[in-house]
Amino acid sequence: MPELPEVQTVVNYLQPLLRDKTIDSLINPNGYKNVFENGQLSSYLFILKGKTITSLTRRGKYILLNLDIGYLLFHLRMTGRLMLETPDIEDMKYVSCQINFTDSSTLFFHDIRKFGRIYICNNLNWLERKLGIEPLSKEFTSNWLYNKLHCHKRLIKYFLLDQQFIAGLGNIYVDEALWLSGIHPKAYSNKINKNRSDKLYNSIKHILNKAISFQGTTIINFKYGQNNIGNFSDELQIFGKPNAPCPRCNSPIIKHYLAQRGTHFCNKCQKY
DNA sequence: ACGAATGTTGCGGG
DNA sequence: ACCCGCAACATTCG
């Protein structure tokens with residue numbers, strides 16, 4: 001579930017708590033196979049033991065634990081949670097990794113659907129190759145967006161979901177940003193004129209910033225810390241509201257499937 | 001009760 | 001190049 005605002009919320013929460021902690025050991029209490037993307041638990045343990053966390057940052061939807069040497073990365077995928085609080089007993093079966101620190105605190109990677117992944121690496125070159133621009137960075141400009149849209153002929157929803165172009169948008173914020181800018185999700189990227197591209201640019205930044213200030217969106221699973229939820233759910237205009245009246249024109253919100261994802265839009269005020 | 005859907009990503013195929 | 005379908009998995013909803 002977590003998209004950029006949710007991942008940023010987790011990073012903001014954990015950053016002061018994790019800084020300066022030194023890794024003592026790693027445990028995979030339930031023996032999940034696919035959690036570790038770069039080898040076995042034993043090699044992770046060998047590399048990470050004794051390493052200290054200098055800071056936490058975010059890149060796209062990845063959480064970066066910057067170590068004194070190298071990096072430990074988490075991707076939450078659909079249901080991942082990263083928490084220093086101990087999960088309830090009945091939730092321990094969902095813990096896909098446990099990191100014990102030398103101060104005897106423990107970081108839990110809790111993940112119901114087990115899609116979440118953990119990476120170790122010496123540098124971030126592979127990640128930079130994989131991911132596009134940060135939508136909240138100063139490199140992301142209205143001209144950058146307009147030019148990129150016109151380099152490709154993609155349905156705009158596909159374009160915005162593609163992490164190789166813009167890193168961090170997901171299903172919720174794409175639907176919301178397209179609604180806000182009055183662009184139909186099936187509009188072709190190269191047919192969007194400068195005016196509408198600028199509107200999309202402003203909508204993306206506005207939605208992401210606002211969602212971060214509300215600690216993200218909780219539909220079902222997103223939580224950070226012990227049990228805190230994201231409050232942007234109440235600010236959603238169309239996502240998850242099929243048949244509800246469009247807040248702008250009262251026409252009923254349509255839900256179709258695009259990219260195998262539920263896609264919400266107003267057929268009247270979102271144009272091709 | 002059972003099939004479909006859930007906020008993600010990666011792959012193969014047309 | 002680009003879109004589709006499916007897979008990974010557990011739970012909830014209609």
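To find a chain, count down the sequence lines: A is the first, B the second, and so on, and within it residues start at 1.
Of the side-chain N and O atoms in A/Arg113, none sit less than 4.0 angstrom from OP1 or OP2 of C/dA8. When the side-chain nitrogen and oxygen atoms of A/Lys114 are compared with OP1 and OP2 of C/dA8, none of them lie within a distance under 4.0 Å. Side-chain N/O atoms of A/His75 include one lying less than 4.0 angstrom from OP1 or OP2 on B/dT9. Within the structure, every side-chain polar atom (N or O) of A/Lys153 is placed at least 4.0 Å from both OP1 and OP2 of C/dC2. In this structure, A/His152 does not reach the C/dA1 phosphate: none of its side-chain N or O atoms is under 4.0 Å from OP1 or OP2. Side-chain N/O atoms of A/Tyr257 include one lying less than 4.0 angstrom from OP1 or OP2 on B/dT6.
When each of A/Tyr188 and A/Met78 is assigned the nucleotide of DNA chain C with its nearest heavy atom, A/Tyr188 is the one assigned upstream, toward the 5' end. Where A/Arg154 and A/Ile220 meet DNA chain C, the nucleotide closest to each residue was compared, and A/Arg154 sits on the side nearer the 5' end.
Considering only side-chain atoms of A/Gln260, the nucleotide from B/dT8, C/dA10, C/dG5 that sits closest is C/dG5. When distances are taken from the side chain of A/Lys255 to each of C/dG5, B/dA5, B/dT9, the shortest belongs to B/dA5.
The aromatic rings of A/Tyr272 and A/His184 lie parallel to each other, with less than 30° between the two planes, well short of the 60° mark. Under the 30°/60° scheme for interplanar angles, the aromatic rings of A/His256 and A/Phe265 are found to stand perpendicular.
Going from the C1' atom of C/dA8 to that of B/dA1 covers 25 Å, rounded to whole Å. Using atom P as the reference point in both C/dT11 and B/dT9, the two lie 22 Å apart (nearest Å).
The shortest non-hydrogen separation linking A/Val174 to A/Leu169 is CG2-CB, 3.9 Å.
For a distance-only test at 3.5 Å, the side chain of A/Arg261 fails to qualify as a donor-acceptor partner of the base of B/dT6. A donor N or O paired with an acceptor N or O is not found under 3.5 Å between the base of B/dG7 and the side-chain atoms of A/Glu3.
As the counterpart of B/dG7, no nucleotide is assigned, since no Watson-Crick or G-U wobble pattern has both distances under 3.5 Å.
Here the options are A/Gln270, A/Gln237, A/His264, the test is side chain to side chain donor-acceptor pair (under 3.5 Å), and the partner is A/Asp175; only A/His264 passes.
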